[in-house]
K.L.:
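Structure incoming, see below.
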Amino acid sequence: VATYIDMENASFARWAEKGSPKREPVHTYDQFRAQVASDEWPNWGEHFGPTELRLAALDLLQQTDPRKQRQYLRIFYKHPFPLDYDYLFQLTNSIVAPNALNVLSTIEDDRIRQFALGLVENRSPGRGQAVQLLTRNFRDGDHEMVKEWCENETDPEELIAAAHAACFSM
């Protein structure tokens, strides 16, 4: 895990050196929708309230293009998803699964805990992110269970995802 953290820190340092492209902040939901429609990656305003977040969730339900789905899902990395989570569970079987799992990881709900446990038990793709899903759905004894998962994991990609989740989901 220490090696992984060092690699991540080096990656962040390189990114900070180069800087990120400057985008105009989005101040209204209509501006956000216009940028999504034009295939831009909007600079989402974190100050949007419940009304805009609900509109964004409803718009997400209408999206079929994975690029647009990702743009809408990113909104809910820092804001609670205001609708039922069933749609997010459906998206975990699609190309945007990592994004849907990121959103689910921000929610405290026993269905998400059971889903995380099922990912590992069934050796499903994306099971490395189960650790991230447990962050808000943690129970006594989970650290031992996660330690055992990691010790028994044979897929390096899933192990890296679990290490990433353990280090950066807190």
Side-chain angles (χ1 to χ4, degrees), residues 4 7-8 11-12 15 20-21 23 25-26 28-137 146 149 153 155-170:
Y4 178 77
M7 290 171 41
E8 282 292 317
S11 174
F12 288 133
W15 181 79
S20 61
R23 294 183 301 231
V26 172
T28 69
Y29 185 67
D30 287 337
Q31 288 174 323
F32 172 83
R33 288 173 98 183
Q35 286 185 0
V36 170
S38 68
D39 267 348
E40 292 181 36
W41 281 90
N43 187 4
W44 175 256
E46 291 188 10
H47 60 277
F48 284 177
T51 302
E52 291 88 356
L53 293 171
R54 183 166 173 71
L55 288 171
L58 291 169
D59 282 347
L60 168 61
L61 299 179
Q62 304 304 312
Q63 302 305 315
T64 56
D65 175 0
R67 181 174 166 85
K68 289 183 173 42
Q69 288 174 324
R70 281 187 193 98
Q71 291 169 316
Y72 279 95
L73 285 165
R74 286 179 61 225
I75 295 167
F76 301 104
Y77 287 6
K78 295 185 179 179
H79 295 286
F81 189 75
L83 304 178
D84 187 76
Y85 314 134
D86 288 341
Y87 181 70
L88 297 174
F89 286 122
Q90 290 172 24
L91 289 178
T92 63
N93 293 315
S94 74
I95 195 165
V96 299
N99 306 92
L101 290 167
N102 282 339
V103 175
L104 285 169
S105 74
T106 67
I107 301 165
E108 186 176 335
D109 187 292
D110 196 53
R111 292 181 296 166
I112 294 167
R113 178 181 171 73
Q114 294 308 313
F115 180 75
L117 298 175
L119 284 175
V120 175
E121 183 178 309
N122 298 322
R123 299 199 45 80
S124 301
R127 64 188 173 274
Q129 282 189 278
V131 174
Q132 183 179 2
L133 295 172
L134 291 177
T135 337
R136 293 200 186 254
N137 297 285
V146 170
W149 289 350
E153 182 55 62
D155 183 336
E157 300 265 334
E158 296 295 348
L159 194 55
I160 288 169
H164 185 271
C167 295
F168 297 104
S169 297
M170 307 299 169

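Since the structure is predicted, the reported quantities are computational estimates derived from the model, not experimental observations.
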K.L.:
Between atom NZ of K68 and atom CG of L60, what is the distance when rounded to the nearest 0.5 Å?
P.N.:
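Between atom NZ of K68 and atom CG of L60 there are 13.0 Å.
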
K.L.:
Specify the closest pair of heavy atoms between A100 and L73, including all atoms of both residues, with the distance to one decimal.
P.N.:
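Shortest heavy-atom contact: N-CD1, 4.0 Å.
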
K.L.:
For the residue pair T92 and L119, establish whether any side-chain heavy-atom pair is separated by less than 4.5 Å.
P.N.:
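No. Closest side-chain heavy atoms not under 4.5 Å.
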
K.L.:
How long is the gap from CD1 on I112 to CG on L101, to the nearest 0.5 Å?
P.N.:
10.0 Å

K.L.:
Check this for me: E157, atom CD, are more than 12 non-hydrogen atoms of other residues, nucleotides or ligands nearer than 6.0 Å?
P.N.:
no

K.L.:
Within this structure, what is the CG-CD1 distance for the pair D65 and I95, rounded to the nearest 0.5 Å?
P.N.:
10.0 Å

K.L.:
Which atom pair, heavy atoms only, marks the closest approach of Y87 to Q69?
P.N.:
OH-NE2, 3.5 Å

K.L.:
side-chain contact (heavy atoms from CB on, under 4.5 Å) between F89 and R111: does it pass, once the steps are laid out?
P.N.:
CA-CA 10 Å; F89 286 122; R111 292 181 296 166; 4.1 Å; yes

K.L.:
Ignoring hydrogens and angles, tell me if any N or O in the side chain of N137 forms a donor-acceptor pair with the backbone of S105 under 3.5 Å.
P.N.:
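No, because the side chain of N137 does not come within donor-acceptor range (under 3.5 Å) of the backbone of S105.
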
K.L.:
Measuring only between side-chain heavy atoms, which start at C-beta, is N102 closer than 4.5 Å to Q129?
P.N.:
yes

K.L.:
Which pair of heavy atoms, one from A57 and one from F81, lies closest together, and at what distance?
P.N.:
CB-CE1, 3.8 Å

K.L.:
Rounded at 0.5 Å granularity, tell me how far CZ in R54 sits from OG1 in T51.
P.N.:
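If I round to the nearest 0.5 Å, the distance is 9.5 Å.
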
K.L.:
Donor-acceptor pair, D84 side chain versus D86 backbone, under 3.5 Å?
P.N.:
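Such a contact is found between D84 side chain and D86 backbone.
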
K.L.:
Hey, mind stepping through L88 and I107 against side-chain contact (heavy atoms from CB on, under 4.5 Å) and telling me if it holds?
P.N.:
CA-CA 11 Å; L88 297 174; I107 301 165; 4.2 Å; yes

K.L.:
Does R123 CZ have over 12 foreign heavy atoms under 6.0 Å away?
P.N.:
yes

K.L.:
Any sub-3.5 Å donor-acceptor pair from E52's side-chain atoms to G49's backbone N or O?
P.N.:
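Between the backbone of G49 and the side chain of E52 there is a qualifying donor-acceptor contact (under 3.5 Å).
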
K.L.:
Quick one: closest heavy-atom pair of R70 and V96, and the distance?
P.N.:
CG-CG1, 3.8 Å

K.L.:
Within the 4.5 Å heavy-atom criterion, are L83 and F76 side-chain neighbours or not?
P.N.:
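In short, these two side chains do not touch, never coming nearer than 4.5 Å.
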
K.L.:
For the rings on F32 and Y72, is their centre-to-centre separation under 6.0 Å?
P.N.:
yes

K.L.:
Does V103 reach the side chain of L91, with side-chain heavy atoms less than 4.5 Å apart?
P.N.:
no

K.L.:
What's the separation between atom OG1 in T106 and atom CG in L133, rounded to the nearest 0.5 Å?
P.N.:
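The OG1 atom of T106 sits 10.0 Å away from the CG atom of L133.
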
